[in-house]
Amino acid sequence: MVVFADFGESNVYVIHGNSQKEPLEITLESYFCSQDKVPIMELFNTGQAIKPNGDTHFFNDIGSMLLWVNEQDNKDEIVLWVYAKDTERYVLAKGAWYSRVEVSPMGYGFGAYEYHFYGVADYYFNEVEKFALRGETLWHPMVRFLLSDNKL
């Protein structure tokens with residue numbers, strides 16, 4: 001149950017009181033990324049992070065969510081959801097499969113899938129988390145080159 005939200009001129013950055021820790025419905029262009037402070041324009045590649053106290057933060061890019069979570073004190077207690085491209089619904093981030101070559105809002109390149117697609121979504125959550133934290137994303141010219149040539 002949502003108790004209240006932080007609104008800044010009708011911009012939503014966090015929703016408080018999500019004690020069930022389930023993904024919430026996002027109103028496009030009104031919900032903003034907690035990491036990048038930009039509006040969420042589409043559901044693909046989005047994520048939601050729910051803190052133990054029920055605060056739900058929203059992200060326009062999976063890479064942005066991974067960077068934000070790494071900065072949190074209680075990161076192991078945060079429930080993460082990602083929007084799956086194949087089933088078009090939110091799934092638990094740690095159970096999803098990932099691609100590294102998607103067109104994503106902030107350019108990190110991570111895309112989530114509920115089901116494993118060989119040659120498309122071949123990575124586990126802990127792998128993409130390491131890639132994001134090490135900067136091994138499409139932002140890195142050598143990584144982008146190697147991924148585009150199927151050499152990485």
Side-chain angles (χ1 to χ4, degrees), residues 1-2 5 11-15 18-52 54-72 75-152:
M1 176 178 185
V2 176
N11 298 335
V12 180
Y13 290 89
V14 63
I15 299 279
N18 184 0
S19 59
Q20 293 148 344
K21 298 187 176 34
E22 293 290 325
L24 302 176
E25 188 173 329
I26 291 177
T27 303
L28 299 178
E29 300 182 30
S30 293
Y31 282 57
F32 279 64
C33 178
S34 289
Q35 174 74 11
D36 303 314
K37 310 299 187 236
V38 296
I40 296 173
M41 304 302 284
E42 64 179 356
L43 292 176
F44 289 108
N45 301 307
T46 62
Q48 296 184 30
I50 307 166
K51 290 185 165 188
D55 287 357
T56 304
H57 295 263
F58 306 95
F59 302 90
N60 67 330
D61 194 298
I62 294 168
S64 299
M65 180 178 73
L66 295 171
L67 296 175
W68 179 88
V69 168
N70 187 57
E71 298 296 319
Q72 304 307 305
K75 60 183 161 191
D76 294 331
E77 299 173 33
I78 297 174
V79 177
L80 302 175
W81 294 89
V82 290
Y83 194 80
K85 294 184 78 152
D86 54 341
T87 57
E88 297 186 9
R89 65 180 182 162
Y90 280 99
V91 297
L92 286 168
K94 292 183 179 179
W97 291 90
Y98 295 89
S99 166
R100 295 179 67 186
V101 293
E102 302 293 334
V103 175
S104 66
M106 299 309 289
Y108 292 106
F110 301 121
Y113 292 80
E114 186 169 0
Y115 299 105
H116 185 203
F117 291 102
Y118 290 99
V120 175
D122 289 324
Y123 298 96
Y124 295 110
F125 175 80
N126 62 345
E127 293 175 304
V128 295
E129 183 179 42
K130 287 178 187 173
F131 297 146
L133 298 178
R134 293 189 302 216
E136 296 173 9
T137 69
L138 292 182
W139 277 91
H140 191 289
M142 183 58 74
V143 170
R144 184 175 52 250
F145 172 78
L146 292 172
L147 285 171
S148 67
D149 278 359
N150 246 358
K151 294 180 180 175
L152 183 63

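Hydrogens, waters and symmetry mates are skipped; everything else that's a heavy atom, side chains included, is used.
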Could you give me the CA-CA distance, side-chain angles and deciding distance for F58 and M65, then say whether side chain to side chain contact (heavy atoms under 4.5 Å, CB included) is met?
-> CA-CA 8 Å; F58 306 95; M65 180 178 73; over 6 Å; no
Would you check, one step at a time, whether the test side chain to side chain contact (heavy atoms under 4.5 Å, CB included) holds for L133 with L67?
-> CA-CA 7 Å; L133 298 178; L67 296 175; 4.1 Å; yes
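- The closest donor-acceptor contact from the side chain of R100 to the backbone of E136 lies under 3.5 Å.
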Given L28 and L43, is the side chain to side chain contact (heavy atoms under 4.5 Å, CB included) satisfied, shown in steps?
-> CA-CA 8 Å; L28 299 178; L43 292 176; 4.1 Å; yes
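- By the 4.5 Å heavy-atom criterion applied to side chains, F110 and V82 are not counted as neighbours.
- Shown here are the side chain to side chain donor-acceptor pair (under 3.5 Å) partners of D36, two or more places apart in sequence or in another chain: S64.
- For W68 and F59, the ring centers are positioned less than 6.0 Å apart.
- In this structure, the side chain of Q48 does not engage the main chain of L80 through any donor-acceptor pair within 3.5 Å.
- For the side chain to side chain donor-acceptor pair (under 3.5 Å) test, residues two or more places apart in sequence or in another chain that qualify with T87 are E114.
- Side chain of Y115 to backbone of A96: no donor-acceptor contact under 3.5 angstrom is found.
- Tested against I40, the residues T27, N45, N60 include a single side chain to side chain contact (heavy atoms under 4.5 Å, CB included) partner, N60.
- No option in K21, Q20, K51 other than K21 meets the side chain to side chain contact (heavy atoms under 4.5 Å, CB included) test with V79.
- Using bins of under 30°, 30° to 60° and over 60° for the plane-to-plane angle, the ring pair F131/Y123 lands in the perpendicular bin.
- Annotation: side chain of Y98 is in contact with side chain of I62 (closest heavy-atom distance under 4.5 Å).
- At least one donor-acceptor pair closer than 3.5 Å links the side chain of N18 to the backbone N or O of E22.
- Closest of all the heavy-atom pairs between K85 and Y113 is CD-OH, 3.8 Å.
- Partner of T46 under the side-chain hydrogen bond (donor to acceptor under 3.5 Å, both in side chains) criterion, out of Y83, W81, Y31, Y90: Y90 alone.
- By the neighbour-count criterion of 12 heavy atoms within 6.0 Å, atom OH of Y124 is sparsely surrounded, having that number or fewer from other residues, nucleotides or ligands.
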